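To keep things clear, I will list the structure first and then write my remarks on it.
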Amino acid sequence: MDQALGMGLVAFAGAIFSYYTIWVIFMPFVDDDHFLQQFFLPRFYAIALPVVAGLIFLTFIGVFVTAVTLAKKKKSK
């Protein structure tokens, strides 16, 4: 079961990577009225979404480190 879940996560990550790569590298060279453009968000989101995801990720890391540090200080007293 764990191996199947791992394979599924790897496949999902590969699909996201492929979609993002096509969106960022190839789609700017495709005409705006081409039918493939309907499958992709506007180019603004190609930068905005990773920036927001990175900020959320860094926030969670900061909260985790702070919580562990405070718990360690509290435990040592």
Side-chain angles (χ1 to χ4, degrees):
M1 181 65 180
D2 290 340
Q3 187 175 13
L5 179 62
M7 292 274 213
L9 289 173
V10 168
F12 180 70
I16 295 293
F17 177 77
S18 298
Y19 178 85
Y20 186 78
T21 301
I22 291 169
W23 182 25
V24 171
I25 295 176
F26 298 116
M27 291 311 291
F29 300 106
V30 177
D31 292 333
D32 288 336
D33 58 344
H34 197 274
F35 79 95
L36 286 177
Q37 290 287 359
Q38 70 184 355
F39 299 110
F40 297 91
L41 292 171
R43 291 183 195 113
F44 166 77
Y45 294 108
I47 302 301
L49 291 176
V51 167
V52 169
L55 289 173
I56 291 170
F57 179 70
L58 289 174
T59 300
F60 281 126
I61 289 174
V63 168
F64 175 76
V65 168
T66 302
V68 169
T69 304
L70 291 174
K72 191 174 182 179
K73 283 184 181 180
K74 191 175 186 180
K75 191 175 186 180
S76 67
K77 286 185 179 183

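Just so we're clear, the structure is a prediction, and the values are computed from it rather than from any experiment.
Note that CG of L9 and CZ of F12 are 8.5 Å apart. Values are rounded to the nearest 0.5 Å. We find the CD1-OG1 distance between I16 and T21 to be 11.0 Å, quoted to the nearest 0.5 Å.
Residues I22 and I25 are members of one and the same hydrophobic cluster, defined by side-chain heavy-atom contacts under 4.5 angstrom among Ile, Leu, Val, Met, Phe, Trp and Tyr. Linking ILVMFWY side-chain heavy atoms closer than 4.5 Å, directly or via other members, places L36 and F44 in a single hydrophobic cluster. Note: the hydrophobic cluster containing L70 does not contain I61 (ILVMFWY, side chain heavy atoms under 4.5 Å, direct or indirect links). When the side chains of ILVMFWY residues are joined at heavy-atom separations under 4.5 Å, either directly or via intervening members, Y45 and F39 end up in a single hydrophobic cluster.
Of all the heavy atoms in R43 and D32, the pair that sits closest is NH2-OD1, 3.6 Å.
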What's the verdict on ring-ring contact (aromatic ring centres under 6.0 Å, His included) for Y19 and F40, showing C-alpha distance, side-chain angles and the deciding distance?
CA-CA 9 Å; Y19 178 85; F40 297 91; 4.8 Å; yes
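Residues passing the ring pair (Phe, Tyr, Trp, His ring centres under 6.0 Å) test with Y20 are W23, sequence neighbours excluded.
Side-chain contact between L41 and L49 is present, with at least one heavy-atom pair separated by less than 4.5 Å. For the pair T69 and K73, the minimum side-chain heavy-atom distance is below 4.5 Å.
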